[in-house]
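One structure is given here, and the rest of the page talks about it.
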Number of protein chains: 2
Amino acid sequence: MQSLTEENYLKIIYHLSENNDNAVQTNAIAEKMQTKAASVTDMIKKLADKRLVDYKKYQGVKLTENGRLTAINVVRKHRLWEVFLVEKLNFKWDEVHDIAEDLEHINSTELIERLDEFLAFPKSDPHGDPIPDKNGKFDAIPFTKLSKLAPGSTGLITGVSEHSSLFLKHLEKLGLTLGKALQVKEITDFDGSVELIVEQKNISVSREVARHILVKI
Amino acid sequence: MQSLTEENYLKIIYHLSENNDNAVQTNAIAEKMQTKAASVTDMIKKLADKRLVDYKKYQGVKLTENGRLTAINVVRKHRLWEVFLVEKLNFKWDEVHDIAEDLEHINSTELIERLDEFLAFPKSDPHGDPIPDKNGKFDAIPFTKLSKLAPGSTGLITGVSEHSSLFLKHLEKLGLTLGKALQVKEITDFDGSVELIVEQKNISVSREVARHILVKI
DNA sequence: CTAAATGTTTAGACAAATCTAAAAAAATAA
DNA sequence: TTATTTTTTTAGATTTGTCTAAACATTTAG
Ligand SMILES: [Mn+2]
Ligand SMILES: [Mn+2]
Ligand SMILES: [Mn+2]
Ligand SMILES: [Mn+2]
């Protein structure tokens, strides 16, 4: 068993190495954990002693298979709780992350399995992120960043790569929620902003926003 | 805000002074917290500094109004989660206490209010204990110990004063669950065991068991 | 009412997770 | 390739909650 703090470190290391298999740097972890590099080094040593990460001084860390499974399990719990909060307690998608940050550390296998069943085994969370099954398996959801689409192309919104409440509220206001169909009308040369048609309406989003909207073509 | 440990101390002090307004003794707290008296003294000082308890050396502690409200709020959360686990996730009444011990420390007022609503504002938990409202108010549920009933008298099971899984499973097996009507047939002189009729069937429970069954006459 | 037993507090230490300041290694630039 | 900058690690402290051993206070028994 790991402490809540260890679980948070593992989860952050997992997310930082999700899209590349480089070793994760001490400073990157420190930033996400909102702590100092010195504290990260201390914790890394502890995780290495527990065989949850591979660590060589000055070379960064990688999760071991054991560490990876532990991290994925935390992610599974986080996302299941987010589904619960939205589907059952009627929270908005921008309100659930912080509460799930706490709930994800409740450790009861039985609880999570029954919650999963209660929610009818959801495949993705309110932000479109995949929910691993109890063995840590999940299908990566294929996507293209909206900012990469050419004018004329169409797609469905399947996720977001930024989870701040501010960003999610902004999308909500624009009607850009999960499952919505969109067509790219034009990309402004000047600032890269994207002109869209969603439900017969014209909508414009900045390049920055478009980068964080994930689309299935 | 208080730490998880502080919340547990407050809750234990609350339960220990629930049925009498004596000051609570250091050793009593130590036993419930499964820790040593010295540790309790340390924590008591901290709680006193935070005005959550009144404390005079060697004289035990009492909750302040503030401490009482904090404790009751933890109890509210505990019992609401227990209802959730039984009503929504189909746990048995003997399986929920330990999980609720963890869930009770999730601190989000919004979460608890929505959970309360989702559960249709239950008045009591799976063990018959009253659930305080968000202002800490609740009606004490009146009861008599089954061990105090005279032969011939009838009543409804409204609660239990022992929450161990072993005890609850035992009651379940005997069919002595919340809401069941019973009639006392006889009390054995020799060992104080109680002969009951429940749903036309004869059931015998030991004096010890009868002491922990709470009945509405 | 004194002595023994019981209950409580203090003193000093420890493990977990953090911090600051300084030293050491690695990466980058001149 | 040497010097500078950036990144990482170490050393030593701090906070929270715990512990043991010993001192102190209160209660109970003779
Ligand atoms: Mn989240
Ligand atoms: Mn999410
Ligand atoms: Mn309980
Ligand atoms: Mn209960």
Side-chain angles (χ1 to χ4, degrees), chain A residues 1-14 16-17 20 22-63 67 70-71 74 101-102 104-107, chain B residues 1-17 20-63 67 70-71 74 101-102 104-107:
Chain A
M1 251 313 93
Q2 318 69 224
S3 70
L4 178 153
T5 313
E6 288 167 357
E7 286 191 344
N8 280 333
Y9 270 92
L10 291 173
K11 191 181 59 161
I12 280 170
I13 296 167
Y14 172 74
L16 286 170
S17 47
N20 61 82
N22 307 334
V24 175
Q25 298 195 121
T26 304
N27 268 348
I29 298 170
E31 192 189 327
K32 293 279 181 192
M33 279 293 293
Q34 311 228 66
T35 185
K36 300 298 151 98
S39 310
V40 174
T41 301
D42 287 344
M43 180 54 77
I44 280 173
K45 286 177 180 168
K46 187 154 82 165
L47 295 174
D49 286 346
K50 295 191 175 186
R51 314 281 143 156
L52 293 163
V53 299
D54 287 324
Y55 169 58
K56 273 192 236 85
K57 263 196 199 178
Y58 295 100
Q59 305 307 130
V61 282
K62 282 187 183 183
L63 294 174
T70 306
V74 176
E101 279 301 300
D102 290 338
E104 73 187 11
H105 301 291
I106 303 290
N107 281 315
Chain B
M1 253 313 94
Q2 319 69 224
S3 70
L4 178 152
T5 313
E6 287 167 355
E7 286 190 345
N8 280 333
Y9 271 92
L10 291 173
K11 191 182 60 163
I12 279 169
I13 295 167
Y14 172 74
H15 284 310
L16 287 170
S17 46
N20 61 82
D21 57 31
N22 307 335
V24 176
Q25 297 194 119
T26 304
N27 267 349
I29 299 171
E31 192 188 327
K32 293 279 182 192
M33 280 293 293
Q34 312 227 67
T35 185
K36 299 298 151 98
S39 310
V40 174
T41 301
D42 288 343
M43 179 55 76
I44 281 172
K45 286 178 182 168
K46 186 153 83 165
L47 295 174
D49 286 346
K50 294 191 175 187
R51 314 280 142 158
L52 292 164
V53 299
D54 287 324
Y55 169 58
K56 275 192 235 85
K57 264 195 199 180
Y58 294 99
Q59 304 309 130
V61 282
K62 282 186 181 184
L63 293 175
T70 306
V74 177
E101 279 301 302
D102 290 337
E104 74 187 8
H105 301 292
I106 302 290
N107 281 315

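Chain letters run A, B, ... following the sequence lines, proteins first and then strands; every chain starts at 1.
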Do the side-chain N or O atoms of K45(A) get closer than 4.0 angstrom to the phosphate oxygens (OP1, OP2) of dT10(D)?
yes
Crowded around N22(A) CG? As in, over 12 foreign heavy atoms under 6.0 Å?
yes
Between atom CD in Q34(A) and atom P in dC19(C), what is the gap in whole Å?
10 Å
dT8(C), OP1 or OP2 - any side-chain N/O from N27(B) closer than 4.0 Å?
yes
Among K56(A), K57(A), K62(A), which residue meets the side chain to side chain contact (heavy atoms under 4.5 Å, CB included) test with Q59(A)?
K56(A)
Residues S17(B) and V24(B): closest non-hydrogen pair is CB-CG2, 3.8 Å
Any K36(A) side-chain N or O less than 4.0 Å from OP1/OP2 of dT20(C)
yes
N or O in side chain of Y9(B) less than 4.0 angstrom from dT18(D) OP1/OP2
yes
Rounded distance [0.5 Å steps], CG in L63(B) versus OG1 in T70(B):
8.5 Å
Return the value, rounded to whole Å, for the distance between atom NZ of K56(B) and atom P of dC24(D).
23 Å
Do other residues, nucleotides or ligands put more than 12 heavy atoms under 6.0 Å from E101(B) CD?
yes
Mind calculating the distance between CD (E31(A)) and P (dT6(D)) to the nearest angstrom?
16 Å
Whole-Å distance, E6(A) CD to dA16(C) P, equals 9 Å
Just to be sure I understand the rule, does T26(A) reach a base, reach only the sugar-phosphate, or reach nothing, if contact means heavy atoms closer than 4.0 Å?
sugar-phosphate
Under-4.0 Å side-chain N/O to phosphate OP1/OP2 contact, T41(B) with dT10(C)
no
Quickly work out the M43(A) CE to dA15(C) C1' distance and round it to whole Å.
12 Å
Ignoring backbone atoms, test whether S39(A) places a side-chain nitrogen or oxygen under 4.0 Å from the OP1 or OP2 oxygen of dC19(C).
yes
Rounded to the nearest angstrom, tell me the gap between atom OH in Y58(A) and atom C1' in dT5(D).
15 Å
For atom CG of D42(B) and atom P of dT8(C), their distance in whole Å:
14 Å
Under 4.0 Å from OP1 or OP2 of dC24(D): is there any side-chain N or O of K57(B) that close?
no
For dG7(C), take OP1 and OP2 only and decide whether either is under 4.0 Å from a side-chain N or O of Q25(B).
no
Quickly work out the Q59(B) CD to dA25(D) C1' distance and round it to whole Å.
9 Å
